[in-house]
Structure formats: structure tokens, C-alpha cells
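Okay, structure first, notes after.
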Amino acid sequence: MMAAVLFVPVSFAADASESLQVQTDAKVIYCTAQLAVEGEMFQQPLQDGIAVATEWRVKVGKVREYWLNDNIGDITVIRRVEPDLLTRSWLLIDHSSGISHRVYSIDSAIAFLTSLNHFPVLDRSLLLVKTPYRVGVNVNIHIGDANDAWWSGLWPSTAAKMQKEFTLQ
């Protein structure tokens, strides 16, 4: 019963090797982000029947030297995995698209939580050529059901922060 209302903020060591890459094509800016976590961090709660969610907040801004960066885009992606102990399967839910998928491998569930692959971030037409931009990704991890109480915001839950600068040619 207590596990159903559990909200655990998580912090990582500063030497974690998260990675962020920015790809551009003729029309869209994409990002690929990988969260470096130990597999047991997600594996134990998922095997015990506790849901795990990651919240990816992607921001794109124009870098300005003498003023605050100009924010161009801000996207939040929430991915949640709900275990089913009876069938030993995991339901992968992408809250931004509403698409869900059932898998029978815990490694697939953990990969779903810890990576964004070729994620479309922004329309290229919104950006200027030869202007520096910065993509920032903040990742929050929620183990158990999120608690909407007023005190839940007192504990920082940011698991990782990644940044990458790029310029369109």
C-alpha cells in the first residue's frame, strides 16, 4: 500500500557519463540523449511491481553573449513503465503521444526510460544560419506514483542535466 504513493527523488554523481547529440536535416532538429544509470536502479523497483517514470525536459535557446539566452522551444516528454507481475511484462507508456506498448524484457523497459532516440525537437525554419544555439535536457526520475502534495516540490528530483551547443550551416 505504501509503495503506491512512493515518490523518490534521485540524484547522481557528477561523473556520470550522460550523452546528448544534436542532429539536423533539411526540416527538423533532432536530439538523442542517453541517461547513464546503473540498471539495478530501475530493475529492482520494476521487478517489485513499482512503476517508474522519467520526465525529459528539452529546451532550445539562442545563445547570447551579454544577455540571457533567448528561449525558442521547451518540450516535456514523460515516459512511464508499469510492471505487471502476473504476466512478467512491462507496459511502456509515452505520455506525449499516448502510445503504449507491452514488452517482456526488462532491458527493453529500462532502455525506454533511459534514452531519447532521434527525438524531433524543433522545426529548422525557426532557427537562423550561423547563429549559436544551445539544447539543454533535464531528466527527472519518479519511482512510484507521483505525489502532488505541496511538500513534494521541496526535494530536487533532477537526475541529470545535459547541454550541447550547435550552429546551423
Side-chain angles (χ1 to χ4, degrees), residues 2-23 28-61 71-85 87-122 134-166:
M2 186 62 164
V5 293
L6 182 66
F7 172 78
V8 179
V10 180
S11 62
F12 294 94
D15 62 347
S17 60
E18 288 87 15
S19 67
L20 174 64
Q21 298 172 359
V22 177
Q23 302 100 16
V28 179
I29 307 296
Y30 297 95
C31 80
T32 297
Q34 180 69 37
L35 183 61
V37 295
E38 295 179 17
E40 288 186 16
M41 179 185 168
F42 292 134
Q43 189 170 2
Q44 192 62 47
L46 290 173
Q47 287 179 337
D48 289 345
I50 299 171
V52 178
T54 52
E55 177 184 357
W56 300 77
R57 186 156 185 200
V58 181
K59 291 184 178 183
V60 179
N71 191 22
I72 297 171
D74 191 347
I75 302 158
T76 301
V77 177
I78 300 174
R79 292 184 165 185
R80 184 173 175 81
V81 174
E82 295 180 358
D84 184 349
L85 297 178
T87 62
R88 294 183 187 208
S89 64
W90 293 268
L91 182 64
L92 313 180
I93 303 168
D94 185 345
H95 285 274
S96 57
S97 67
I99 297 173
S100 63
H101 177 69
R102 185 163 304 277
V103 296
Y104 294 91
S105 165
I106 195 164
D107 293 333
S108 297
I110 292 172
F112 177 75
L113 290 169
T114 59
S115 64
L116 285 179
N117 293 318
H118 204 64
F119 182 77
V121 176
L122 199 61
R134 180 176 295 136
V135 174
V137 177
N138 292 346
V139 184
N140 298 325
I141 297 175
H142 305 281
I143 298 177
D145 290 334
N147 186 352
D148 291 331
W150 66 269
W151 62 82
S152 65
L154 299 177
W155 295 286
S157 63
T158 300
K161 292 184 179 183
M162 300 172 253
Q163 289 187 5
K164 185 82 166 185
E165 290 190 13
F166 69 98

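Atoms considered below: every heavy atom in the structure, side chains included; atoms not considered: hydrogens, waters and symmetry mates. Residue indices begin at 1 and follow the sequence shown.
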Heavy-atom distance under 4.5 Å between the side chains of Ile29 and Phe166, does that happen here? yes

For the CZ atom on Arg102, are there more than 12 heavy atoms of other groups (residues, nucleotides or ligands in this structure) within a distance under 6.0 Å? yes

Is the shortest side-chain heavy-atom distance between Ile78 and His142 below 4.5 Å? no

Minimum heavy-atom distance Ala33-Trp56, with the two atoms named: CB-CZ3, 3.6 Å

Rounded to the nearest 0.5 Å, what's the gap from CZ on Arg79 to CG on Leu116? Could you check? 5.0 Å

Can you tell me how far apart CG (Leu46) and CG (Leu85) are? Round to the nearest 0.5 Å. 10.0 Å

Run the side chain to side chain contact (heavy atoms under 4.5 Å, CB included) check on Val103 and Phe112 step by step: do they pass? CA-CA 10 Å; Val103 296; Phe112 177 75; over 6 Å; no

For the CD atom of Glu55 and the CG atom of Asn138, what is their distance to the nearest 0.5 Å? 9.5 Å

Let me confirm one number: the CD1-CD distance from Ile106 to Gln47, rounded to the nearest 0.5 Å. 4.5 Å

Does any non-hydrogen side-chain atom of Ile72 lie less than 4.5 Å from one of Leu122? yes

When rounded to the nearest 0.5 Å, the distance separating CZ of Arg88 from OG of Ser105 is 14.0 Å

Identify the two heavy atoms, one from Arg57 and one from Asp74, that lie closest to each other, and give their separation to 0.1 Å. NH2-OD2, 2.5 Å

Short N-O contact, Glu82 and Arg80, less than 4.0 angstrom: yes

One should read off an interatomic distance between Leu35 CG and Met162 CE, to the nearest 0.5 angstrom, of 6.0 Å

Passing candidate, side chain to side chain contact (heavy atoms under 4.5 Å, CB included) with Leu113, options Ile141, Thr54, Val139: Thr54

Could you tell me whether the side chain of Gln21 reaches within less than 4.5 Å of the side chain of Gln23, counting heavy atoms only? yes

Ser115 (side chain) donor-acceptor with Gln34 (main chain) under 3.5 angstrom: no

Would you say the side chain of Ile50 lies within less than 4.5 Å of the side chain of Ile143, judging by non-hydrogen atoms? yes

Which pair of non-hydrogen atoms, one from Leu92 and one from Ser108, has the smallest distance, and what is that distance? CD1-O, 4.5 Å

Provide the closest heavy-atom pair for Gly49 versus Pro83 in the form atom of the first, atom of the second, distance. C-CG, 3.4 Å

Just wondering, do Ile75 and Phe119 contact through their side chains at under 4.5 Å, heavy atoms? yes

